[in-house]
There are 4 protein chains.
Amino acid sequence: MGVQIESTVKDPERIRERRKQIVRASVELFIEKGFHKTTTREIAKASGLSNGALYEYVKSKEDILYLVCQHIHQEIHERLADSLSSHETALERLRHAMTSFLSVIRDMEDEVLLIYQESKSLPPHHLHDVLQNEQVITDVFVQLLQDGLEDKSLELTEETIPLVAHDIIVLGQMWAFRRWAIRDMDFSEFVRQQINMILRTEPDHSSILRT
Amino acid sequence: MGVQIESTVKDPERIRERRKQIVRASVELFIEKGFHKTTTREIAKASGLSNGALYEYVKSKEDILYLVCQHIHQEIHERLADSLSSHETALERLRHAMTSFLSVIRDMEDEVLLIYQESKSLPPHHLHDVLQNEQVITDVFVQLLQDGLEDKSLELTEETIPLVAHDIIVLGQMWAFRRWAIRDMDFSEFVRQQINMILRTEPDHSSILRT
Amino acid sequence: MGVQIESTVKDPERIRERRKQIVRASVELFIEKGFHKTTTREIAKASGLSNGALYEYVKSKEDILYLVCQHIHQEIHERLADSLSSHETALERLRHAMTSFLSVIRDMEDEVLLIYQESKSLPPHHLHDVLQNEQVITDVFVQLLQDGLEDKSLELTEETIPLVAHDIIVLGQMWAFRRWAIRDMDFSEFVRQQINMILRTEPDHSSILRT
Amino acid sequence: MGVQIESTVKDPERIRERRKQIVRASVELFIEKGFHKTTTREIAKASGLSNGALYEYVKSKEDILYLVCQHIHQEIHERLADSLSSHETALERLRHAMTSFLSVIRDMEDEVLLIYQESKSLPPHHLHDVLQNEQVITDVFVQLLQDGLEDKSLELTEETIPLVAHDIIVLGQMWAFRRWAIRDMDFSEFVRQQINMILRTEPDHSSILRT
DNA sequence: GATGAATGAGACTTCATTCAT
DNA sequence: AATGAATGAAGTCTCATTCAT
């Protein structure tokens, strides 16, 4: 899955190991200074590798960005998937998933922001793959909405599902990319409101529209 | 309003003139290649200025980015403000404003995306100002929601207003920064669904929650 | 004539000036250490330019090699052309030209060797042009041989002319690229023998073949 | 004969074996990309050796170039020596040898060119040895000319012999290093003309000089 | 003897910014 | 005010060679 990154090194175990070091160091650096202002020398040093060794595990600086994005998406997806519950109704499962998702976002604020700000620097080939990963995460919610359509615990039409799923993602990621505006808000309050925006489950608030 | 940018040139009229050229050229270049991959030489040439002249109207490349962001926000804000209607109820005015806002977003897709992707490269001082401008636009909706609270055409609580306003902005800007996922969607359909997500005005859809 | 090399600088006079500096410095360095072992920094310094300035007059290191080869060929050609005499017969003119050519080769030993050894590093586009220049020089002798055919001062057939011309060139350039083997030979003796190899004008030596 | 190249390996048989692999691979690579643009990694891989093993049979990249040049010279010399005939007169033997030599050159065009273009990258010590090998080949013709002097089948003077021998070599190698200019010529025609240039054996053409 | 990962100096080139004219 | 040539620091990447295993 994903685009293969070439390496001069043969031992796959070592590749995994070293790339983990590289990614760990790079995430931190990219968050701190941005992709462009981070030098490969800094990455090498922070990874505990020599300048040359870095390039045995990666073919270009852009490859590193790709690995970073991939890693972040993977972690988000994993944590989201792990938290999927087995509640009776899709509605309950959806609510639970949204809560989990938001909590992941909060834990990975910086990483989410990183993808928003730097993925544009990926070569088209890799960008496409990263966007696909973003879609994979979105599809978790597509599935839950679909379930809700089937077990009738949610009322919506088939055609609206894709956009609603994206809305869910975006209203969650907001915590990361709008934190400058929301920082003083209580996180659990944020969760409550965003879930309500999607589901309108609160009594008397099925719409902000006065009936 | 905004941060003052220094210039060695005296005549303010000329400054305005030249900076307009610079911004026009830069917006296009930044959209096409990104801020970092655009060189000041390219900007100078596309602006019809010499390398040296460029630096008489701007003190650094980052200044240009700032001017660009400011210009984009200004145009968005202007167009949004201009379209504010004088309908009877706040609800009607809000719906109208959202429609207008979405239409502005569509017209300025690339520019909106630009701000999302490049504003991080601004020095803190300028970044702060740009975020403030984003807030100014958000405040248009804050005001409308407030109005709705007062004339009771909307049902919501005071505390939720800020976040709802941000939700409106973000669900609109999505058209720009998620277009890779939404591209095949009809724009008017997008508008309809996003407004419904906020307002739940469609009959039988006051919530996706089955009652 | 020749392939145009791009420059960021506008003033053509200055371009000519600076490139002359670059070529002068590079010829010397390339002769001394070879193209690959000469660094652009060395070239810049020896040219009296900064690292950056160098690249305003040239787009790559290979461009410099091209300029160098072109310059050498130009000088050889010029000196050869300047020395063309107006003797009565083509035979006399040819003999005179060979003598001049050999004297140019001697003066430019190192430069001739340089082209032999480094032109292979040129990009195809430029290599082709350099070879063409080599042909232009060869054509001087092609013309003289043709003249000899016409005024009947030389006895040869039309078809052999091209190769004989190349033989002349190569038997001359030998002084440069075989000097390790010929060094202890007197130059004027070399000239005499090589001219004789081509023309067999010496009494009793119209051929090394005993009659 | 030749300069000894050090090796960490004891078994001389194995050294010979491995170096043969190295040379075979390198000749091909050097012809294709040139000495400087060929990496030792490529050589190792093409030789079927590991990066490290390569350096057990050779002490530096330059050593490899030396082995390559030596190998080429050896093959040329061998083939030339093998083809030496036992005709009655030195003239006949010389003509035969020139024909053979030219045929070797044609078969080894690329290799001959390689020596012309890359031998300059040898350290002085090795370069000297390579030039000596070139002289050894030249000496084959020196000997034949000497024989011709003695058996009087050739008419020339002692002092001219060395240069004539070099002329023979160079007029033959031309096929390799001037092929860009001669490519459309028939090889046998080339042979005929070059031999004639040296020997002037064709009736009525003992000289291009009209008598 | 062999392997292949690691090293690290150094190469070419770019580009924001300055400053003499 | 304008020009555009010059600066030089800094960046990415390569590769001959070494050495622990």
Side-chain angles (χ1 to χ4, degrees), chain A residues 7-11 14-15 17-18 36-45 48-64, chain B residues 7-11 14-15 18 36-45 48-64, chain C residues 7-11 14-15 18 36-45 48-62 64, chain D residues 7-11 14-15 18 36-45 48-64:
Chain A
S7 169
T8 340
V9 174
K10 295 181 175 174
D11 181 4
R14 183 174 291 222
I15 293 180
E17 182 84 11
R18 293 282 190 254
H36 279 104
K37 295 210 171 157
T38 301
T39 69
T40 54
R41 254 186 267 270
E42 288 171 309
I43 294 172
K45 174 179 271 189
L49 296 176
S50 70
N51 273 332
L54 182 65
Y55 278 86
E56 303 225 299
Y57 295 97
V58 123
K59 262 186 28 190
S60 70
K61 195 184 171 194
E62 284 168 348
D63 273 1
I64 299 176
Chain B
S7 169
T8 39
V9 177
K10 306 287 179 206
D11 181 2
R14 180 171 293 214
I15 294 181
R18 294 280 192 255
H36 279 104
K37 295 207 173 160
T38 301
T39 68
T40 54
R41 263 187 266 269
E42 286 171 311
I43 293 172
K45 173 180 265 190
L49 296 176
S50 69
N51 270 338
L54 183 66
Y55 277 83
E56 285 183 342
Y57 296 98
V58 121
K59 262 190 27 191
S60 72
K61 195 183 171 193
E62 284 165 349
D63 274 2
I64 299 176
Chain C
S7 169
T8 343
V9 174
K10 296 181 176 173
D11 181 4
R14 183 172 292 223
I15 293 180
R18 293 282 191 254
H36 279 103
K37 294 209 172 158
T38 302
T39 69
T40 55
R41 251 186 271 270
E42 288 171 310
I43 294 172
K45 173 178 273 189
L49 296 176
S50 68
N51 273 333
L54 182 65
Y55 279 84
E56 302 223 303
Y57 296 97
V58 122
K59 261 185 30 187
S60 68
K61 196 185 170 193
E62 283 168 349
I64 299 176
Chain D
S7 169
T8 38
V9 177
K10 306 288 176 204
D11 181 5
R14 181 171 291 215
I15 293 181
R18 294 280 193 255
H36 279 103
K37 294 207 173 158
T38 301
T39 67
T40 54
R41 264 187 264 270
E42 287 171 309
I43 294 173
K45 175 182 264 190
L49 296 175
S50 70
N51 270 337
L54 184 65
Y55 276 84
E56 286 182 344
Y57 295 98
V58 122
K59 263 189 30 188
S60 72
K61 196 186 172 191
E62 285 165 348
D63 274 1
I64 299 176

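Order of the sequence lines fixes the chain letters, A, B, ..., with proteins taken first and strands second; residue numbering starts at 1 for each chain.
The NZ atom of Lys61(A) lies 6.0 Å from the OG1 atom of Thr38(A); values are rounded to the nearest 0.5 Å. Interatomic distance, CD1 of Ile43(C) versus CD1 of Ile64(C), reported as 4.0 Å (0.5 Å rounding). Lys10(D) NZ to Ser7(D) OG: the interatomic distance, rounded to the nearest 0.5 Å, is 8.5 Å. Put simply, CD1 on Ile15(D) and OG1 on Thr8(D) are 8.0 Å apart, with the number rounded to the nearest 0.5 Å.
For the side-chain contact (heavy atoms from CB on, under 4.5 Å) test, residues two or more places apart in sequence or in another chain that qualify with Asp63(A) are Ile5(A), Val58(A), Lys59(A), Ser60(A), His126(A). Residues forming a side chain to side chain donor-acceptor pair (under 3.5 Å) with Thr39(D) (at least two apart in sequence, or on another chain): Glu42(D). For Glu17(A), there are no salt bridge (charged side-chain N to carboxylate O under 4.0 Å, His left out) partners at least two apart in sequence or on another chain. Scanning for salt bridge (charged side-chain N to carboxylate O under 4.0 Å, His left out) contacts around Lys45(D) gives an empty result, with sequence neighbours left out.
In this structure, the CG atom of Asp11(A) is 10 Å from the P atom of dG4(E), given to the nearest Å. Rounded to a whole Å, the CD1 atom of Ile43(C) is 12 Å from the C1' atom of dA11(E). For the pair Lys45(A) NZ and dA6(E) P, the interatomic distance rounds to 19 Å; values are reported in whole Å. Remark: C1' of dA2(E) and CD1 of Ile15(D) are 15 Å apart, rounded to the nearest angstrom. As a whole-Å value, the separation of Glu42(C) CD from dA11(E) P is 7 Å. Protein atom CG of Leu49(A) is 15 Å distant from nucleotide atom C1' of dC13(F), rounded to whole Å. One can place OH of Tyr57(A) at 8 Å from C1' of dA6(E), the figure rounded to the nearest angstrom.
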Subject >> B/S/- contact track for nucleotides 15-21 of chain E, protein heavy atom under 4.0 Å >> reply: BBBB---
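A sub-4.0 Å separation between OP1 or OP2 of dG4(E) and a side-chain N or O of Arg14(A) is absent.
For DNA chain E, if you chain together Watson-Crick or G-U pairs that step i with j, i+1 with j-1 and so on, the runs of at least three with distances under 3.5 Å are E:2-21 with F:2-21.
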